[in-house]
Novice: 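One structure is given below, represented as structure tokens, and several questions about it will come after.
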Amino acid sequence: YGAFVTVPGRALLAEDEFFKGIVYRTELHSLIYKMTNDEYEQMIAKGVSESEALAAVQKKAVLLFEDPPLPMKQEALDAAREGTFTNKLEGAAGQVEKAFQVQLGGVPILRIAAPFIRTPTNVFARTFEYVPGLNLLTRKTRKAIASGGREFDLAVSKSALGSSIAYFAYDATYDGRVTGMGPAKFNERTQLEKTGWQPYSLVFRKNTFSQEQLNELKESYQISVSSDS
């Protein structure tokens with residue numbers, strides 16, 4: 001019985017570890033590339049030939065992949081936890097999490113809810129990092145701006161990305177290029193769907209794609225073509 005009821009939890013744990021591994025390796029590749037690229041440029045500046053510099057950094061990259069130093073491992077692991085929204089909560093959120101876990105200690109049946117506190121909270125906090133203005137409320141963004149360098153660039157790029165997506169969503173919705181749920185009444189919704197309209201979809205003009213491109217898109221997506229332009 002115990003093995004049966006823990007199947008969902010163990011499956012969730014396996015999925016979490018799988019994606020952690022992907023993010024860990026990706027971040028490790030990124031860190032090693034940055035380190036070796038900086039060393040390559042330094043060697044070129046000192047007068048080392050391109051072939052010798054390339055061979056040297058490639059050799060070092062292989063060694064780093066086989067046995068990365070502890071600080072690099074830790075940085076990649078932190079990125080893996082952050083990428084899967086399982087990093088430890090800080091500040092007031094961390095205190096609330098600890099208090100909640102203490103309360104759960106006396107109610108065993110509610111312990112199944114414990115793993116689902118940190119992830120939603122991290123998802124909510126991560127959203128703030130991409131909202132200009134509101135991101136300054138997060139300790140992580142303020143720390144990144146104060147530290148400068150790579151962390152500052154990432155914080156600014158997140159704000160720019162969030163602004164771009166928000167503007168696109170607003171402009172596309174206002175212009176009718178993004179559909180929503182549609183009419184709540186079944187008859188009105190059915191009549192609208194007969195014109196080619198689809199809920200939660202992107203709308204393009206006919207001349208945007210050729211017939212050949214439309215045929216290719218239809219192989220992977222649900223596409224409808226209306227009678228108007």
Side-chain angles (χ1 to χ4, degrees), residues 14-91 93-94 118-119 121-169 171-172 202 208-209 213 216-217 220:
E15 180 185 16
D16 178 69
E17 292 299 323
F18 173 77
F19 286 104
K20 267 193 177 76
I22 293 178
V23 180
Y24 175 86
R25 296 296 297 178
T26 301
E27 183 66 16
L28 189 62
H29 276 253
S30 176
L31 293 172
I32 292 176
Y33 173 80
K34 182 179 180 298
M35 176 183 292
T36 54
N37 186 64
D38 290 343
E39 292 187 5
Y40 174 82
E41 292 180 353
Q42 292 174 5
M43 294 174 69
I44 294 297
K46 292 180 181 179
V48 180
S49 65
E50 292 185 5
S51 58
E52 292 179 350
L54 183 61
V57 296
Q58 286 179 338
K59 182 178 180 180
K60 183 170 183 178
V62 171
L63 295 176
L64 288 173
F65 278 123
E66 293 178 349
D67 186 22
L70 185 59
M72 184 176 289
K73 283 183 179 180
Q74 187 60 49
E75 189 170 352
L77 182 58
D78 291 341
R81 289 170 177 163
E82 185 174 350
T84 53
F85 305 103
T86 55
N87 49 299
K88 291 184 178 180
L89 299 179
E90 300 179 353
R118 181 176 297 178
T119 298
T121 305
N122 279 322
V123 171
F124 182 77
R126 185 75 57 81
T127 303
F128 272 67
E129 296 178 16
Y130 291 85
V131 181
L134 292 179
N135 58 355
L136 296 177
L137 298 176
T138 65
R139 180 184 301 178
K140 181 180 178 181
T141 300
R142 295 196 302 270
K143 182 179 178 181
I145 293 176
S147 62
R150 178 173 177 265
E151 297 301 322
F152 174 81
D153 293 340
L154 287 173
V156 172
S157 64
K158 287 179 180 180
S159 295
L161 178 62
S163 300
S164 300
I165 294 176
Y167 174 76
F168 169 78
D171 182 65
L202 296 176
T208 304
F209 303 101
Q213 290 174 324
E216 292 179 358
L217 289 172
S220 303

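We count residues from 1, following the sequence as given. From a predicted model like this one, the values you see are computed outputs, not experimental measurements.
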Novice: Once ring pair (Phe, Tyr, Trp, His ring centres under 6.0 Å) is applied, what residue pairs with a partner in residues 33-80 remain, sequence neighbours excluded?
Specialist: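 Pairs touching residues 33-80 that pass the test: His29-Phe65.
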
Novice: Out of curiosity, Leu28 CG to Leu77 CG, how far, rounded to the nearest 0.5 Å?
Specialist: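 If I round to the nearest 0.5 Å, the distance is 11.0 Å.
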
Novice: Can you tell me how far CG of Asn37 sits from CD of Gln42, rounded to the nearest 0.5 angstrom?
Specialist: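 Between Gln42 CD and Asn37 CG, I get 10.0 Å after rounding to 0.5 Å.
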
Novice: Any idea which heavy atoms bring Ala144 and Glu151 closest together, and the distance?
Specialist: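 Minimum heavy-atom separation between Ala144 and Glu151: CB-O, 3.5 Å.
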
Novice: With sequence neighbours left out, what residues match Glu17 under side chain to side chain contact (heavy atoms under 4.5 Å, CB included)?
Specialist: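 Listed in chain order: Leu13, Lys20.
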
Novice: Give me the atom names and distance for the closest heavy-atom approach of Met35 to Met72.
Specialist: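 Of all heavy-atom pairs spanning Met35 and Met72, the closest is CE-CE, 3.4 Å.
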
Novice: Just to verify, what does Thr26 make a side-chain hydrogen bond (donor to acceptor under 3.5 Å, both in side chains) with, not counting sequence neighbours?
Specialist: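 In terms of side-chain hydrogen bond (donor to acceptor under 3.5 Å, both in side chains), with neighbours along the sequence ignored, Thr26 is linked to no residue.
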
Novice: Could you give the distance from OG1 (Thr84) to CD1 (Ile22), rounded to the nearest 0.5 Å?
Specialist: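 Here the interatomic distance stands at 11.0 Å.
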
Novice: So how far is it from Lys73 NZ to Leu64 CG, rounded to the nearest 0.5 Å?
Specialist: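 It comes to 11.5 Å.
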
Novice: Do Leu54 and Ser49 come within less than 4.5 Å of each other through their side chains, counting heavy atoms only?
Specialist: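 A side-chain contact is absent here, since even the closest heavy-atom pair is not under 4.5 Å.
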
Novice: Only counting residues at least two apart or in another chain, list the ones meeting side chain to side chain contact (heavy atoms under 4.5 Å, CB included) with Thr208.
Specialist: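 Listed in chain order: Phe204, Arg205.
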
Novice: Testing the basics here: between Val48 and Ala53, what is the closest heavy-atom pair and its distance to 0.1 Å?
Specialist: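 Looking at all heavy atoms of both residues, the shortest contact is CG1-N, 3.9 Å.
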
Novice: How would you list, by chain and number, every residue that makes a salt bridge (charged side-chain N to carboxylate O under 4.0 Å, His left out) with Asp153, sequence neighbours excluded?
Specialist: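 Once residues adjacent in sequence are excluded, Asp153 has no partner under the salt bridge (charged side-chain N to carboxylate O under 4.0 Å, His left out) criterion.
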
Novice: Under the rule for side-chain hydrogen bond (donor to acceptor under 3.5 Å, both in side chains), what residues qualify as partners of Gln74, not counting sequence neighbours?
Specialist: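 So Gln74 forms a side-chain hydrogen bond (donor to acceptor under 3.5 Å, both in side chains) with Asp78.
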
Novice: Would the number of heavy atoms belonging to other residues, nucleotides or ligands and lying under 6.0 Å from CD of Glu50 be above 12?
Specialist: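 Result for CD/Glu50: open.
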
Novice: Which residues satisfy the salt bridge (charged side-chain N to carboxylate O under 4.0 Å, His left out) test with Lys34, sequence neighbours excluded?
Specialist: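 Only Asp38 meet the salt bridge (charged side-chain N to carboxylate O under 4.0 Å, His left out) criterion with Lys34.
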
Novice: Please examine the side chains of Ile145 and Leu136, heavy atoms only from C-beta on, and report whether any two atoms are closer than 4.5 Å.
Specialist: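 Result yes, sub-4.5 Å side-chain heavy-atom pair found.
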
Novice: What residues form a salt bridge (charged side-chain N to carboxylate O under 4.0 Å, His left out) with Lys60, not counting sequence neighbours?
Specialist: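 Lys60: salt bridge (charged side-chain N to carboxylate O under 4.0 Å, His left out) contacts with Glu39.
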
Novice: Using every non-hydrogen atom in the two residues, find where Thr119 and Thr86 come nearest and quote the distance to one decimal.
Specialist: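 Thr119 and Thr86 have their closest heavy atoms at OG1-CG2, 4.1 Å.
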
Novice: Residues in side chain to side chain contact (heavy atoms under 4.5 Å, CB included) with Glu15, at least two apart?
Specialist: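 Leu12, Phe19.
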
Novice: Check side chain to side chain contact (heavy atoms under 4.5 Å, CB included) between Val156 and all other residues, then give those that pass, not counting sequence neighbours.
Specialist: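 Side chain to side chain contact (heavy atoms under 4.5 Å, CB included) check on Val156 returns Phe152.
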
Novice: Return each pair, listed once, that meets side-chain hydrogen bond (donor to acceptor under 3.5 Å, both in side chains) where at least one residue sits in residues 124-135; pairs must be two or more places apart or across chains.
Specialist: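 Sorted result for residues 124-135: Glu129-Lys158, Asn135-Ser159.
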
Novice: Provide the closest heavy-atom pair for Val23 versus Gly83 in the form atom of the first, atom of the second, distance.
Specialist: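 Looking at all heavy atoms of both residues, the closest pair is CG1-CA, 4.4 Å.
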
